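Here the structure is a predicted model, which means the values were calculated and not measured.
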Amino acid sequence: MYISFAGLIGSGKTTIATILSEQTSIPLYKEVVSENRYLPDFYKYIGIDGINPYAFQLEVYILLNRWKQQLEIIRSGHGGIQDRSIYEDIYFITHLYINNNLSEKDYITCKELYEMIIKETPKPDMIVFLDVPPKIAYQRAKRRGRDMEKEIPLEYFVSLSKYYDAFIELMKTFGCSVLHVPYDEKNKIEDIVFNIKKISN
């Protein structure tokens, strides 16, 4: 079984993916964060008008790392749980371009790389979308205390959240099963994990 998570920064993807991996013995493939050599510098420019000088490098780095993860999952034959899907990246890329943080030529290059990857790589069996209100995701990101995320404004979360309806529809066109999980302060992690296991079996 190959399961990939999706959702805003701070939505709880890694926490729930980790618990699911522990309970199912399916290998966990975490998003590259602390090892990402571009991310700290990229975040310094969030909320600033104009081209982010690290946006292009960051997006290429992320696409390549997620692609390597996908290939490793597929080739292993044991499945995997991935705490961020590559399929969301087109919306991060588009968001940067629309907000004038990524040049048109860099946007086109990123988009071409993305399209090549998703065309040539097998899709997950299931996408779990953790639907978290932007304000709650923002608060969770603040609580976990990563230095690089401290300056991300709430507006960034709100703006990105608007892309997820389109993301769900995109995954359906790819033939992927999408589990849409509302996850606010009322939902218990153990209930969410139980439902994912039930549906994925």
Can you name the nearest heavy-atom pair linking Ile127 to Cys176, along with the distance?
CG1-CB, 4.4 Å

Pairwise distance CE(Met171) to OG1(Thr173) - rounded to 0.5 angstrom:
7.5 Å

When you look at OH of Tyr45, are more than 12 heavy atoms from neighbouring residues, nucleotides or ligands closer to it than 6.0 Å?
no

Could Lys123 and Phe174 be counted as a cation-pi pair, given that NZ or CZ must be under 6.0 Å from the ring centre and within 45° of the axis?
yes

So, do Tyr107 and Leu96 sit near enough that their side-chain heavy atoms are less than 4.5 Å apart?
no

Taking the side chain as every heavy atom from C-beta outward, state whether Ile108 and Glu112 have any atom pair closer than 4.5 Å.
yes

Of all the heavy-atom pairs spanning Tyr163 and His95, show the shortest one and how long it is.
OH-CA, 3.5 Å

Can you see which heavy atom on Leu154 is nearest to which on Pro134, and at what distance?
CD1-O, 3.9 Å

Trace of the side-chain contact (heavy atoms from CB on, under 4.5 Å) decision for Asn195 with Val181
CA-CA 9 Å; Asn195 286 332; Val181 181; over 6 Å; no

Honestly, is Arg140 close enough over Tyr183, meaning NZ or CZ under 6.0 Å from the six-membered ring centre and within 45° of the axis?
yes

Of all heavy-atom pairs between Ile26 and Gly79, which one has the smallest distance, and what is that distance?
CG2-C, 4.0 Å

Report the residue from Tyr61, Phe56, Tyr54 that forms a ring-ring contact (aromatic ring centres under 6.0 Å, His included) with Tyr38.
Tyr61

Verify, without hydrogens or angle tests, whether Gln70 (side chain) and Ser85 (backbone) share a donor-acceptor contact under 3.5 angstrom.
no

Looking at Glu104, I'd like to know if its CD atom is crowded, meaning that more than 12 non-hydrogen atoms belonging to other residues, nucleotides or ligands lie closer than 6.0 Å.
no

Look at the rings of Tyr91 and Phe167 and say which category their plane angle falls in: under 30° parallel, 30 to 60° tilted, over 60° perpendicular.
perpendicular

Counting N and O atoms only, with roles assigned by atom type, does the side chain of Asn100 sit under 3.5 Å from a partner on the main chain of Ile51, one being a donor and the other an acceptor?
no

Would you say the side chains of Gln82 and Tyr2 form a donor-acceptor pair under 3.5 Å?
yes

Before giving the answer on side-chain contact (heavy atoms from CB on, under 4.5 Å), spell out for Ile118 and Tyr87 the whole-Å C-alpha distance, their side-chain angles and the decisive distance to 0.1 Å.
CA-CA 8 Å; Ile118 64 170; Tyr87 306 99; 3.6 Å; yes

Consider only side-chain heavy atoms of I, L, V, M, F, W and Y, link residues closer than 4.5 Å, and tell whether Leu71 and Ile74 are in one cluster.
no

Identified side-chain contact (heavy atoms from CB on, under 4.5 Å) partner of Arg144 from the options Thr15, Ile9, Thr14:
Ile9

Is a side-chain N or O of Asp83 found less than 3.5 angstrom from the main chain of Glu31, in a donor-acceptor match?
yes

From CG (Leu64) to CG (Leu113), nearest 0.5 Å:
5.5 Å

Answer yes if Met126 and Tyr29 sit in the same cluster of Ile, Leu, Val, Met, Phe, Trp and Tyr residues linked by side chain heavy atoms under 4.5 Å apart, and no otherwise.
no

Within a 6.0 Å radius of atom CG on Asp49, are there more than 12 heavy atoms belonging to other residues, nucleotides or ligands?
no

Of the non-hydrogen atoms in Ile81 and Ala17, which two are nearest, and what is the gap between them?
CG2-CB, 3.8 Å

Between the side chain of Lys13 and the main-chain N/O of Leu8, is any donor-acceptor distance below 3.5 Å?
yes

Can you list the steps and then say if Lys111 with Glu115 is a salt bridge (charged side-chain N to carboxylate O under 4.0 Å, His left out)?
CA-CA 6 Å; Lys111 190 168 180 286; Glu115 289 173 347; 2.8 Å; yes

Thr18 and Leu28: CA distance, side-chain angles, deciding distance, side-chain contact (heavy atoms from CB on, under 4.5 Å) verdict:
CA-CA 7 Å; Thr18 300; Leu28 175 65; 3.4 Å; yes

Glu88 side, atom CD; Ile93 side, atom CD1 - distance, nearest 0.5 Å
11.5 Å

Separation between CD1 of Ile196 and CD1 of Ile3, rounded to the nearest 0.5 Å:
7.0 Å

Would you check if the side chain of Ser76 reaches a backbone N or O of Ile73 as a donor-acceptor pair within less than 3.5 Å?
yes

Mark yes or no for whether Thr24, through its side chain, and Leu20, through its backbone, hold a donor-acceptor pair below 3.5 Å.
yes

Counting only N and O atoms by type, is there a donor-acceptor contact under 3.5 Å from the side chain of Arg84 to the main-chain atoms of Gly7?
yes

Flag yes if more than 12 heavy atoms outside Lys135 fall under 6.0 Å of its NZ atom; otherwise flag no.
no

How long is the span from the CG atom in Leu63 to the CG atom in Asp89, to the nearest 0.5 Å?
5.0 Å

4.5 Å side-chain heavy-atom contact, Lys188 and Phe194:
no

Using 0.5 Å steps for rounding, measure from the CD1 atom of Ile16 to the OG atom of Ser21.
13.5 Å

Start with the C-alpha gap between Ile168 and Tyr164, add the side-chain angles, then the distance that decides, and say whether side-chain contact (heavy atoms from CB on, under 4.5 Å) holds.
CA-CA 6 Å; Ile168 291 173; Tyr164 277 98; 5.5 Å; no

Under 3.5 Å, side chain of Asn52 to main-chain N/O of Phe42, donor-acceptor pair present?
yes

Closest approach of Cys110 and Val60, non-hydrogen atoms and distance?
SG-CG2, 4.3 Å

